[in-house]
Colleague: 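Just passing along the structure, written as structure tokens.
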Amino acid sequence: MNLFTHFREQIAGLIDELSAAGELPDGLDLGRLTVEPPRDPSHGDITTNAAMLLAKPAQKKPRDIAALLAAKVESLDGVTGVEIAGPGFINMRLSDDFWHARLRDVLDAGVAYGDSAMGQGNKVNVEYVSANPTGPMHVGHARGAVFGDALAALLDKAGYDVTREYYINDAGSQVDVLARSLHLRYCEALGEDIGAIPEGLYPGDYLVPAGQALAQRDADKWKTVDEADWLPPLREFAIDAMMNLIKEDLALLGVKHSRFTSEKDLVAAGKVDEALAFLKDQGLIYEGVLDPPKGKLPDDWEEREQTLFKATQFGDDVDRPVMKSDGSWTYFATDMAYHLDKYRRGYADMIDVWGADHGGYVKRMQAAIKALTGGEGTLDVKLCQMVSLMDNGEPVKMSKRSGTFVTLRDVVDKVGKDVVRFIMLTRKNDAGLEFDFAKVTEQSRDNPVFYVQYAHARVNSVMRMAAEELGPDTVKDDAVHGANLGRLCDPSELHLIKLMNQWPRIVESAADAHEPHRIAFYLGDLAGEFHGLWNKGKESKSLRFIIADDTELTLARLAMIRGVANVIGSGLKVFGVTPVEEMR
RNA sequence: GCGCCCGUAGCUCAGUAGGAUAGAGCACCAGAUUCCUAAUCUGGGGGUCGUGAGUUCGAAUCUCGCCGGGCGCACCA
């Protein structure tokens, strides 16, 4: 249970009672009513803004309302003390028993702790990665991939019905370039000396195996025909090969999609014509001439009549072209069709994860969603900023010679999937991220991956130690689970339990804001609190987890740290990071 | 020129649908620690939250102007 929403409901009920008794007006708007932990723990366990909120509509002083409410709040289950403070905060203290019961919740739920019904099973579509199928993934892609994957897992935990989608951009001119590049490698595989890769084609040697495979399958079949004949089949072959490459890379990162949608297929199925016809019917498509952009003019600017979508009618800055001069659809046109398709598949709520360099594209896409869904659909675009690779503070040099940057595979091979995933989630998505090979593998306090992993491992270490000292029969799982939690009465122990109980609230707020990084910070805090308590045991032996001559207390403390491991495990599961049992 | 994002301690960053005295880590300073459960611990200094106004009981958070940085700006994706 999320105790904050629990008490919010309770307090809302008390307000209704006061209304019914005529002490407060009827029909009060409680939409902004909050119950949250006070910033300063000395103020109590939970606090509400109810009195301040109701002061104006009730035409009473906040403190007077607080006094009315406080008298009722005192009788709520679990509440042991109520204070009115500051401008009218109602601060509540909860009994130790209440907190012990909440630790029981954590133990009972295991890693499912924090699961929420907030999403009410509503469908959400998260589209992420969607890298062009023209080569392997580089580190830049990794951030979007991990972010999208974690966001999807987070929404899933928060009770949404999530689809993880990948949009394959296999219809534009870039895949034609890919096909030509493959043809060259194919000729090479057949023994031809291809020399240097011409400008404008993909030079990466990742196409070599694809060329060989094609040569093996089709022999010299494509050497004697015109480009117009070999291009489409080679394009398809190349896209398949590249998508396999990308899927392998994603698998290394532990990233899985539940659906892949092909741009080419959308076009072939007439979805673009359909979407455009839909807009045209509403008079939102017209032939027109755009003003040249202000500021520096592109070299090849020419005034030209184009087919435009009235994006300005939906909040965009200019109307946007939907057709290229060669008569094919612009990327925007197919993307509109794609989003309409998602909407028609039942996803009124869509989230797209893009690179920050696509930021200029957000407004038009949101304008399109408004037009296409009659305002029913929503699109939240999460922009991921650059990752700068460092090693001991020095920027890592990218080798452009081979046509590749540092690949995702390189990084995963070097530091492991778990480190990549966790670090990618330690910054807000729209903030730049520094990824320092030396720092992320360091075993120290300031490496968040290590610090959190170590907390989880340390719990297991203590468990093993306890089994040695007290005997494996004494510390069996069900003994720990059935521990007398009433023995946990040190303030630092209760504080740890309280912190664990913030987890459901963290899940909901992070899911609501689409910000998985909040989990990283929370896990860091929880790990810090746990390590801190462990350290206290060094100074005062009475606070050690294992007390040789007090099995009951030991079991209670083992239950407490098992709870910590549950919550960390629950958080790491959202991140797709393996909770380790042991540090090496 | 226009749009979007960003500006919080010396550094790297948090700050939860506006909430009480703005936080953490690192760095710095001062102590403790030949102890144990596995990678030290405790305390301290340090801020006009870029800036100027506005909204209200209350603003780091919302609105507008300015300053500074990043990204983008017709027919690429």
Side-chain angles (χ1 to χ4, degrees), chain A residues 4 31-32 34 36-40 43 47 49 52-53 55-56 61-62 85-89 91 130-132 134 169 171-175 263 289-298 300-304 306-308 316-328 330-332 334-335 355-363 381 383 385-386 426-428 430-432 434 439 443-448 450-451 454 457-458 461-462 464-466 468-469 502 505-506 508-510 512-513 515 517-518 520-522 524-525 528 532 534-539 541 544-546 582-583:
Chain A
F4 300 97
R32 290 175 56 220
T34 60
E36 51 192 0
R39 193 146 285 181
D40 184 343
H43 289 143
T47 186
N49 65 351
M52 278 119 55
L53 196 70
K56 190 169 275 184
K61 288 181 189 160
F89 289 102
N91 296 330
S130 299
N132 293 332
T134 54
N169 302 134
S173 53
Q174 295 191 4
V175 286
E263 179 184 7
V289 178
L290 288 175
D291 292 334
K294 304 273 194 289
K296 70 167 196 281
L297 206 60
D300 56 348
W301 170 264
E302 54 175 289
E303 206 169 85
R304 180 178 50 240
Q306 300 181 93
T307 308
L308 300 165
D316 200 0
D317 306 311
V318 286
D319 291 340
R320 303 294 181 177
V322 295
M323 195 175 277
K324 298 186 215 170
S325 48
D326 68 358
S328 63
T330 60
Y331 179 78
F332 177 53
T334 56
D335 215 7
D357 54 339
H358 289 57
Y361 197 79
V362 175
K363 272 194 182 178
V381 179
L383 299 175
Q385 270 292 352
M386 295 265 298
T426 52
R427 284 290 119 87
K428 214 176 339 190
D430 56 5
E434 208 172 86
K439 285 184 186 159
Q443 302 202 336
S444 75
R445 171 76 183 87
D446 54 330
N447 177 1
F450 167 76
Y451 199 61
Y454 182 33
R458 184 172 253 177
S461 163
V462 174
R464 286 193 295 273
M465 200 69 68
E468 265 180 46
E469 287 195 26
Q502 299 231 7
R505 181 180 152 80
I506 300 288
E508 290 183 353
S509 66
D512 191 50
E515 291 186 351
H517 77 277
R518 293 186 190 186
F521 284 91
Y522 170 75
D525 287 347
W534 189 90
N535 282 318
K536 276 191 182 176
K538 284 173 124 173
E539 315 244 316
K541 307 228 176 200
R544 292 192 175 193
F545 300 136
I546 301 170
E582 199 172 1
M583 302 303 286

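Naming convention: chains lettered A, B, ... in sequence-line order (proteins, then strands); numbering from 1 in each chain. Values below: every heavy atom of this structure, side chains too, minus hydrogens, waters and symmetry copies. Everything numeric here is computed off the predicted structure, so don't read it as measured data.
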Colleague: Taking the side chain as every heavy atom from C-beta outward, state whether A:Ile546 and A:Met465 have any pair of such atoms under 4.5 Å apart.
Modeller: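 A side-chain contact under 4.5 Å exists here.
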Colleague: Check the angle between the aromatic planes of A:His517 and A:Phe521 and answer parallel, tilted or perpendicular using the 30° and 60° thresholds.
Modeller: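 Perpendicular.
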Colleague: Under 3.5 Å, is there any donor-acceptor pair linking the side chain of A:Ser509 to the base of B:A17?
Modeller: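 No such pair is found, so the answer is no.
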Colleague: Within the 4.0 Å heavy-atom criterion, would you say A:Val362 contacts the bases, only the backbone, or no part of the nucleic acid?
Modeller: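 Nothing, no nucleic acid heavy atom in range.
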Colleague: Can you find a donor-acceptor pair, distance only, under 3.5 Å between A:Asp357 side chain and B:A77 base?
Modeller: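 In this structure, the two groups form no donor-acceptor pair.
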Colleague: What is the distance, rounded to the nearest whole Å, between atom CD of A:Gln306 and atom P of B:C76?
Modeller: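 Distance check: A:Gln306 CD to B:C76 P gives 10 Å.
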Colleague: May I ask you to say what A:Ala356 touches in the nucleic acid, namely base, sugar-phosphate or nothing, with a heavy-atom cut-off under 4.0 Å?
Modeller: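 If one applies the 4.0 Å heavy-atom cut-off, A:Ala356 turns out to touch the sugar-phosphate alone, with no base involved.
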Colleague: Whole-Å distance between B:G15 P and A:Tyr522 OH?
Modeller: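 Rounded to the whole Å, the gap is 16 Å.
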Colleague: Check whether any side-chain nitrogen or oxygen of A:Arg39 sits under 4.0 Å from OP1 or OP2 of B:A20, and answer yes or no.
Modeller: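 So the side-chain polar atoms of A:Arg39 do come within 4.0 Å of the phosphate oxygens OP1 or OP2 of B:A20, strictly under.
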Colleague: Planes under 30° and centres closer than 5.5 Å, is that true for A:Phe89 with the base of B:A20?
Modeller: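 Yes; by the centre-distance and plane-angle rule, A:Phe89 counts as stacking on B:A20.
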Colleague: Once the angle between the rings of A:Tyr361 and A:Phe332 is folded into 0 to 90°, is it parallel (under 30°), tilted (30 to 60°) or perpendicular (over 60°)?
Modeller: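 A:Tyr361 and A:Phe332: perpendicular rings.
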Colleague: For A:Glu263 and B:C76, what is the distance between atoms CD and C1' respectively, to the nearest whole Å?
Modeller: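 Distance check: A:Glu263 CD to B:C76 C1' gives 12 Å.
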Colleague: To the nearest angstrom, how far is A:Asn447 atom CG from B:U12 atom C1'?
Modeller: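 Result: 14 Å.
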Colleague: Using a 4.0 Å heavy-atom cut-off across all strands, classify A:Glu302 as base, sugar-phosphate, or nothing.
Modeller: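 Counting heavy atoms under 4.0 Å across all strands, the contact made by A:Glu302 includes a base.
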Colleague: Strictly below 4.0 Å: does A:Lys536 bring a side-chain N or O up to OP1 or OP2 of B:C41?
Modeller: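 No, no such contact exists.
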Colleague: For a quick test of reading the model: is some side-chain N or O of A:Tyr361 closer than 4.0 Å to OP1 or OP2 of B:A77?
Modeller: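 No, A:Tyr361 has no side-chain N/O under 4.0 Å of OP1/OP2 on B:A77.
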Colleague: Return the value, rounded to whole Å, for the distance between atom CG of A:Leu53 and atom P of B:C57.
Modeller: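 Between P of B:C57 and CG of A:Leu53: 12 Å.
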Colleague: Checking base pairs now: Watson-Crick or wobble, both atom distances under 3.5 Å. What partners B:C49?
Modeller: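 The base-pairing partner of B:C49, which may sit in any strand shown, does not exist here.
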Colleague: Would you say A:Thr334 and A:Glu263 are linked by a side-chain donor-acceptor pair, where the criterion is simply a distance under 3.5 Å?
Modeller: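 Looking only at side-chain atoms, A:Thr334 and A:Glu263 do form a donor-acceptor pair, the distance falling under 3.5 Å.
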Colleague: Given that both distances must come in under 3.5 Å, which nucleotide forms a Watson-Crick or G-U wobble pair with B:U34?
Modeller: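 None - no nucleotide pairs with B:U34, as no candidate has both distances under 3.5 Å.
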Colleague: Within the pair A:Arg320 and B:C75, is there a side-chain N or O less than 4.0 Å away from OP1 or OP2?
Modeller: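 The answer is no; no side-chain N or O of A:Arg320 sits under 4.0 Å from OP1 or OP2.
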Colleague: When both hydrogen-bonding distances must be under 3.5 Å and the geometry is Watson-Crick or G-U wobble, what is B:A39 paired with, if anything?
Modeller: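 In the structure as shown, B:A39 has no Watson-Crick or wobble partner.
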Colleague: Could you check which nucleotide pairs with B:G1 in any of the strands shown, counting Watson-Crick or G-U wobble with both distances under 3.5 Å?
Modeller: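 Looking at the geometry, B:G1 pairs with B:C73.
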Colleague: What interatomic distance, in whole Å, is found between P of B:G65 and the corresponding atom of B:G3?
Modeller: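 About 9 Å, rounded to a whole number of Å.
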Colleague: Assign A:Thr426 to base, sugar-phosphate, or nothing according to its heavy-atom contacts below 4.0 angstrom with the strands shown.
Modeller: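 No contact at all - A:Thr426 keeps every heavy atom at 4.0 Å or more from the nucleic acid.
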Colleague: Over all strands shown, is A:Pro321 touching base, sugar-phosphate only, or nothing at heavy-atom distances under 4.0 angstrom?
Modeller: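 A:Pro321: backbone/sugar contact only, no base atoms under 4.0 Å.
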Colleague: Which is true for A:Met52 with a 4.0 Å heavy-atom rule: it touches a base, it touches only sugar-phosphate, or it touches nothing?
Modeller: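 Since a base atom lies under 4.0 Å of A:Met52, the category is base.
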Colleague: Establish, yes or no, whether the cationic atom of A:Arg505 lies under 6.0 Å from the six-membered ring centre of A:Phe4 and within 45° of the ring axis.
Modeller: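 Pair A:Arg505/A:Phe4 counts as cation-pi.
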Colleague: Within the structure shown, what part of the strands sits under 4.0 Å from A:Gly359 by heavy-atom distance: base, sugar-phosphate, or nothing?
Modeller: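 It contacts nothing in the nucleic acid.
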Colleague: Can you tell me the pairing partner of B:A60 across any strand shown, Watson-Crick or G-U wobble, with both distances under 3.5 angstrom?
Modeller: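 With both distances under 3.5 Å required, B:A60 matches none.
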Colleague: Can a donor-acceptor pair under 3.5 Å be found between the side-chain atoms of A:Arg458 and the base atoms of B:U37?
Modeller: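 Answer no: no donor N or O sits under 3.5 Å from an acceptor.
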Colleague: Does B:C41 have OP1 or OP2 under 4.0 Å away from a side-chain N or O of A:Asn535?
Modeller: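 For B:C41, OP1/OP2 do have a side-chain N/O of A:Asn535 under 4.0 Å.
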Colleague: Do any side-chain nitrogens or oxygens of A:Lys56 fall under 4.0 Å of OP1 or OP2 in B:C57?
Modeller: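 The answer is yes; a side-chain N or O of A:Lys56 sits under 4.0 Å from OP1 or OP2.
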Colleague: Taking atom types as they are modelled, would you say the side chain of A:Arg304 forms a donor-acceptor pair with the base of B:A74 within the 3.5 Å cutoff?
Modeller: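 Flag set: donor-acceptor pair detected.
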Colleague: Are the ring of A:His43 and the base ring of B:A20 both nearer than 5.5 Å at their centres and tilted by less than 30°?
Modeller: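 Yes, A:His43 stacks on the base of B:A20, since the ring centres sit under 5.5 Å apart and the planes are within 30°.
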Colleague: What is the nucleic acid contact for A:Met386, judged by heavy atoms within less than 4.0 Å: base, sugar-phosphate only, or nothing?
Modeller: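 No contact.
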Colleague: Looking for any heavy atom pair under 4.0 Å, which part of the strands does A:Lys428 touch: base, sugar-phosphate only, or nothing?
Modeller: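 Sugar-phosphate, no base atom in range.
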Colleague: Rounded to the Å, how far apart are A:Phe521 CZ and B:U16 P?
Modeller: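 So the CZ-P distance, A:Phe521 to B:U16, works out to 12 Å.
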Colleague: If we call it a pair only when both distances are under 3.5 Å in a Watson-Crick or G-U wobble match, what pairs with B:A22?
Modeller: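 With both distances under 3.5 Å required, B:A22 matches none.
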Colleague: Quick one, A:Val289 and A:Arg304 - any side-chain contact, counting heavy atoms below 4.5 Å?
Modeller: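 No, their side chains stay 4.5 Å or more apart.
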Colleague: In the strands shown, is B:C28 matched to any nucleotide by a Watson-Crick or G-U wobble pair with both distances under 3.5 Å, and which?
Modeller: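 Across any shown strand, B:C28 pairs with B:G44.
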Colleague: In this structure, how many angstroms lie between the C1' atom of B:C2 and the CG atom of A:Leu290, rounded?
Modeller: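 Rounded to the whole Å, the gap is 15 Å.
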Colleague: Considering just the side-chain nitrogens and oxygens of A:His517, establish if one lies under 4.0 Å of OP1 or OP2 belonging to B:G15.
Modeller: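 Yes, within the criterion.
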Colleague: Using purine N1 to pyrimidine N3 plus N6-O4 or O6-N4 for Watson-Crick, or N1-O2 and O6-N3 for G-U wobble, both under 3.5 Å, which nucleotide pairs with B:U16?
Modeller: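 Pairing partner: none.
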Colleague: Categorize A:Gly528 for me: base, sugar-phosphate, or nothing, with a 4.0 angstrom heavy-atom threshold over every strand shown.
Modeller: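 It contacts nothing in the nucleic acid.
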Colleague: Taking OH from A:Tyr331 and C1' from B:A74, how many angstroms apart are they, rounded to a whole number?
Modeller: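 Rounded to whole Å, this separation is 17 Å.
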